[in-house]
Amino acid sequence: MLVSGYTEMKPFLPSIAMKGAPTVFNEALSLAQEALVEDIIGEDLETILESRGSEDSRLLKLCQRIIAVEAFVKSIPEMDIVLTDAGFGVISNQDVAPASKERVQKLIESLSARLDESKDRLVTYLMKSERYSDWRGTEQFDRLADGLILTFAEFKDSAVFNPRTAAVYPKTWDEFIRFNPALNVALTSDVASYISPEYATEILERIKDNETFLPNEKSVLKMVKTAIATIVLGDRETGMNQAIKAATFMKANIEDFPTYAASDAANALTLEHSDTPIFTMF
């Protein structure tokens, strides 16, 4: 286990004030680790971290924080409920006043925000790390990178929040990551019809290879991310306008986009917005 019970869990959760070494969190810790392995780090990194080598201490701490906080948040609804022979009961302690529902909810919200930030921090660390470059060959990384947007913070920075998108705008990291397949579809179909399938594939591969983008390429990448994020949230008009804007920018700076320059999309006669992919209009 990456978090061996309550003793290793407590440093990440100052609000815990339990006596002894309770085992109530053990199952939640196990489930939280399984989720982390499945969603982000993969089994190979899990094996490395289980050995607890000093050279892996920073990554281990990043993972422990996620596991501890997630296990605690998932446990909160059941913490004062017990099943007895007479049925379910609520634990009471005359020495401690029960917290109001509002205060408990604020705690959950605060910890959930910390959990989202911790998952983003872990992904960012792995993206930048040379030591864990093999992680890029995992199913977990491939799935994360397929959407072009790898962190919840980046999604919020890219997606347009307006009356059209508000109802489905993700509130947590877990909700954000469920959009990954849709982000990939928006990139490789809707947006690719303007920036070209060839260039859409190129930027996706370069993101996965952690390559450096030139200033003009960064500008287009920002527009593309805004386009795909906004499309999957249901505001297709705004998203497609961003795709057109990206294509217009590339045409104006064509020397920086040789892959696009050689494509059929670059030779299109118009960039007018349509629900039909531009390269099928001729």
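Position 1 is the first residue of the sequence; numbering continues from there.
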Under 3.5 Å donor-acceptor, [X] side chain and [Y] backbone:
X: Thr47; Y: Glu43; value: yes
X: Thr226; Y: Lys222; value: yes
X: Thr138; Y: Asp134; value: no

Distance (rounded to the nearest 0.5 Å) between [X] [atom1] and [Y] [atom2]:
X: Glu154; Y: Thr124; atom1: CD; atom2: OG1; value: 8.5 Å
X: Thr238; Y: Leu233; atom1: OG1; atom2: CG; value: 10.5 Å
X: Leu59; Y: Leu126; atom1: CG; atom2: CG; value: 5.5 Å
X: Gln64; Y: Leu29; atom1: CD; atom2: CG; value: 10.5 Å
X: Tyr125; Y: Tyr132; atom1: OH; atom2: OH; value: 5.0 Å
X: Asn241; Y: Ile244; atom1: CG; atom2: CD1; value: 5.5 Å

- Query: Using 30° and 60° as the class limits, which term best fits the ring planes of Tyr199 and Phe257: parallel, tilted or perpendicular?
  - Reply: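 Plane angle over 60°, so perpendicular.
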- Query: Just wondering, more than 12 heavy atoms not from Glu50 lying within 6.0 Å of its CD?
  - Reply: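 Yes, the 6.0 Å shell around CD holds more than 12 heavy atoms from other groups.
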- Query: Can you find a side-chain donor-acceptor pair between Glu198 and Thr259 that sits under 3.5 Å?
  - Reply: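 Distance-only check fails for Glu198 and Thr259.
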Determine whether [X] and [Y] make a side-chain contact, defined as any pair of heavy atoms from C-beta on separated by less than 4.5 Å.
X: Glu139; Y: Arg143; result: yes
X: Arg206; Y: Asp209; result: no
X: Phe141; Y: Leu150; result: yes
X: Glu202; Y: Tyr260; result: no
X: Leu31; Y: Glu70; result: no
X: Thr230; Y: Gln242; result: no
X: Ile228; Y: Val185; result: no
X: Asp256; Y: Phe213; result: no

Using a strict cut-off of less than 4.0 Å between a Lys/Arg side-chain nitrogen and an Asp/Glu carboxylate oxygen, indicate whether [X] and [Y] qualify as a salt bridge.
X: Lys208; Y: Asp146; value: yes
X: Asp56; Y: Arg131; value: yes
X: Glu102; Y: Lys106; value: no
X: Asp157; Y: Lys225; value: no

[X] and [Y]: which non-hydrogen atoms are nearest, and at how many Å?
X: Ile40; Y: Gln140; answer: O-CB, 3.2 Å
X: Leu115; Y: Ile66; answer: CD1-O, 3.6 Å
X: Thr212; Y: Glu217; answer: O-OE1, 4.4 Å
X: Ile41; Y: Trp135; answer: O-CD1, 3.6 Å
X: Asn267; Y: Ser263; answer: ND2-O, 3.2 Å
X: Cys63; Y: Leu2; answer: CB-CD1, 4.4 Å

- Message: Consider side chain to side chain contact (heavy atoms under 4.5 Å, CB included). Of Met9, Glu34, Glu8, Gln33, which one does Ile67 pass it with?
- Response: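 Exactly one option meets the side chain to side chain contact (heavy atoms under 4.5 Å, CB included) with Ile67, and it is Gln33.
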- Query: Which pairs with one or both residues in residues 159-171 pass side chain to side chain donor-acceptor pair (under 3.5 Å), sequence neighbours excluded?
  - Reply: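 Qualifying pairs, neighbours excluded: Asn162-Thr165, Asn162-Asp235, Arg164-Asp235, Arg164-Glu237.
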Taking [Y] as the starting point, is it possible to reach [X] by hopping between hydrophobic residues whose side chains are less than 4.5 Å apart?
X: Phe249; Y: Leu214; result: no
X: Met240; Y: Val160; result: no
X: Leu13; Y: Phe25; result: yes

- Can you list the steps and then say if Arg236 with Asp190 is a side chain to side chain contact (heavy atoms under 4.5 Å, CB included)? CA-CA 9 Å; Arg236 180 178 174 80; Asp190 296 315; 2.9 Å; yes
- Pi-cation contact, Phe152 with Lys156 (under 6.0 Å, within 45°):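 Yes, cation above the ring, under 6.0 Å and within 45°.
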- Could you go through the side chain to side chain contact (heavy atoms under 4.5 Å, CB included) check for Ser112 and Glu109 one step at a time? CA-CA 5 Å; Ser112 295; Glu109 291 172 358; 5.7 Å; no
- Message: With side chain to side chain contact (heavy atoms under 4.5 Å, CB included) as the criterion, how do Asn184 and Leu204 come out once you've worked through the C-alpha distance, each side chain's angles and the decisive distance to 0.1 Å?
- Response: CA-CA 9 Å; Asn184 180 263; Leu204 188 56; 3.9 Å; yes
- Message: With side chain to side chain contact (heavy atoms under 4.5 Å, CB included) as the criterion, how do Leu148 and Val224 come out once you've worked through the C-alpha distance, each side chain's angles and the decisive distance to 0.1 Å?
- Response: CA-CA 9 Å; Leu148 205 62; Val224 168; 3.9 Å; yes
